[in-house]
Number of protein chains: 2
Amino acid sequence: MRLVVADCSVDYSGRLDTHLPRATRLIMVKADGTVAVHADGSRVQPLNWMGTPNQLIEEDGRWIVTNGKGERLTIDLYQVLYETAFEMGEDPGLQKDGVETELQRLIAERVEVLGPGMELIRREHPTPVGPVDLLCRDSSGTVAVEIKRRGDIDGVEQLTRYLEFLGRDERLAPVRGVFVAQLIKPQARLLAEDRGIDCIELDYDGLREIDSPILKLF
Amino acid sequence: MRLVVADCSVDYSGRLDTHLPRATRLIMVKADGTVAVHADGSRVQPLNWMGTPNQLIEEDGRWIVTNGKGERLTIDLYQVLYETAFEMGEDPGLQKDGVETELQRLIAERVEVLGPGMELIRREHPTPVGPVDLLCRDSSGTVAVEIKRRGDIDGVEQLTRYLEFLGRDERLAPVRGVFVAQLIKPQARLLAEDRGIDCIELDYDGLREIDSPILKLF
DNA sequence: AGTTCCATGTCGCGG
DNA sequence: CCGCGACGTGGAACT
């Protein structure tokens, strides 16, 4: 990783056009050529960047980074205050725990929390427009379940698309939808209920408790 | 901005839990306290971070960053390879040109490019599921317009939601939809046309020309 | 503070 | 390489 601290201005042209007036910033060049320009301000993301693959041309006082899609990042360097480079080696990568996959597993093992008599048919049931998180069955017929950490309008749209296709399958019909999330936004709830989709807010932490060995002692 | 290159492992606990095994990485601390951990790999984003406001406690070989929402970032430092700091001052900020707001303005001033006899009723017309970019009128009745830089399937879904609600308003009905973008993806076009939504590809650069003072001389 | 939607979203996975 | 969906999405604008 190469680090350059410089007084610079930056222009990006591609998906849109941006201009960054002259100031002191950090320019980061990663091992694969990824370039990022960071200010000292309150931002996690860089102000400008160019992902890999790209080509970096260093002229006198000017860097030009281009990629194959017609995007161009131009960095004008007025004064380089500092420059260094480090060999960091391959990164082992980030391990995540508690994402949607895990929530799906928790609920799949306890589908009865979604309603009396609920039974799991299968997880990740495929449809032409993508896989349904859970396909279940209860006294009303087939139940398609979409699980989210946060219940947003997009999730309702997603479930709606699944229902549209599942409903055409005579072996499954009738199919109703259940939208499950830790927190369901008002607009998402409005849209869901308008389409006859049930909304269930679930406390995943509580669910995890049920799943835990501690409770299994009883 | 403070830069630390160190052999470290990182743990985050908050919205989920993550673990980052021991390796050499760059730790960036911005002026307002924002902390970010970058690997040398193919990533623009940091692997872990903690935005502002937060509190950083530096113990011997361990940094603990917490915020008011119960999130915690723990960085264990095994060896600090390098450390430095720079005063960068306030950043003038990024100027953007060509984002959706601007496109909307350009089209709002020239709604006739969307069809003969088209008239603008209002921009950002509110519905229960969000604001319609443009609400227009022509000989066919009311026209709801969704404007995107890139015409993706999400945009069609969005417009469909608006139409669903607008169509129920007796004062507006009948309402048809128009999906406008510089480039409309085949799948988005397919879905749109399946739902009776018109697709219009517009050259925003050309539109900007029309809008420019140069042409106004004529 | 809460909610909405945009974003050069980014990123990872599967076809 | 493209499409799809999750993301600690982040960030801004507006209520």
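A note on names: the letters A, B, ... follow the listed sequences, proteins ahead of strands, and every chain is numbered from 1. Side chains are part of it too, since the values below use all heavy atoms of this structure and drop only hydrogens, waters and symmetry mates.
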S.K.: Any idea which of dC6(C), dT8(C), dG11(D) is nearest the Gln45(A) side chain?
M.R.: dG11(D)

S.K.: If I take atom CD in residue Gln95(B) and atom C1' in nucleotide dT8(C), what distance separates them, rounded to the nearest angstrom?
M.R.: 16 Å

S.K.: Verify, without hydrogens or angle tests, whether Thr142(B) (side chain) and Leu172(B) (backbone) share a donor-acceptor contact under 3.5 angstrom.
M.R.: yes

S.K.: Please determine, for the side chain of Tyr12(A), which listed nucleotide (dG8(D), dG5(D), dT8(C)) has the closest atom?
M.R.: dT8(C)

S.K.: Quick one: does any side-chain atom of Asn54(A) pair with a main-chain N or O of Gly51(A) as donor and acceptor, under 3.5 Å?
M.R.: yes

S.K.: Determine: side-chain N/O of Lys185(A) to OP1/OP2 of dT3(C), distance under 4.0 Å, yes or no.
M.R.: no

S.K.: Has Arg150(A) got a side-chain N or O lying under 4.0 Å from the OP1 or OP2 atom of dG5(D)?
M.R.: no

S.K.: Closer than 3.5 angstrom, by distance alone: can the side chain of Asp40(B) be matched with the main-chain N or O of Met1(A) as a donor-acceptor pair?
M.R.: yes

S.K.: What's the closest nucleotide to the side chain of Val44(B) if the choices are dG8(D), dC5(C), dT10(C)?
M.R.: dT10(C)

S.K.: Please measure how far the C1' atom in dG14(C) lies from the corresponding atom in dG8(D), and state the result in whole Å.
M.R.: 24 Å

S.K.: Taking CG from Leu159(A) and C1' from dG5(D), how many angstroms apart are they, rounded to a whole number?
M.R.: 15 Å

S.K.: Could you give the CZ-to-C1' distance, from Arg43(B) to dG8(D), as a whole number of Å?
M.R.: 12 Å

S.K.: Rounded off to whole Å, could you give me the CG-to-C1' distance for the Asp97(A) and dG8(D) pair?
M.R.: 13 Å

S.K.: Nearest-nucleotide wise, let me know which of Asp152(B) and Leu94(A) is further upstream toward the 5' end of DNA chain D.
M.R.: Asp152(B)

S.K.: Side chain of Leu16(B), heavy atoms from C-beta onward: which of dG8(D), dT8(C), dC11(C) has the nearest atom to it?
M.R.: dG8(D)

S.K.: If you pin Trp49(B) and Pro131(A) to their nearest nucleotides in DNA chain D, which one's is more 5'?
M.R.: Pro131(A)

S.K.: Does a side-chain N or O of Lys148(B) approach OP1 or OP2 of dC6(C) to a distance below 4.0 Å, or not?
M.R.: yes

S.K.: Less than 6.0 angstrom from the centroid, inside 45 degrees of the normal: does Arg168(B) satisfy that with respect to the ring of Phe165(B)?
M.R.: yes

S.K.: Quick check for you: among dT8(C), dG8(D), dG11(D), whose closest atom lies nearest to any side-chain atom of Met50(B)?
M.R.: dG8(D)

S.K.: For residues Leu114(B) and Asp198(B), determine if any side-chain heavy atom of one lies less than 4.5 Å from a side-chain heavy atom of the other.
M.R.: no

S.K.: Between dC6(C), dG8(D), dC7(D), which nucleotide gets closest to the side-chain atoms of Glu100(B)?
M.R.: dC6(C)

S.K.: Would you mind reading off the distance between Glu146(B) atom CD and dT4(C) atom C1', rounded to a whole angstrom?
M.R.: 13 Å

S.K.: Does the side chain of Gln158(B) get closer than 4.0 angstrom to OP1 or OP2 of dC6(C) through an N or O atom?
M.R.: yes

S.K.: Taking only side-chain N and O atoms of Arg161(A), does any of them lie within less than 4.0 angstrom of OP1 or OP2 on dG5(D)?
M.R.: yes

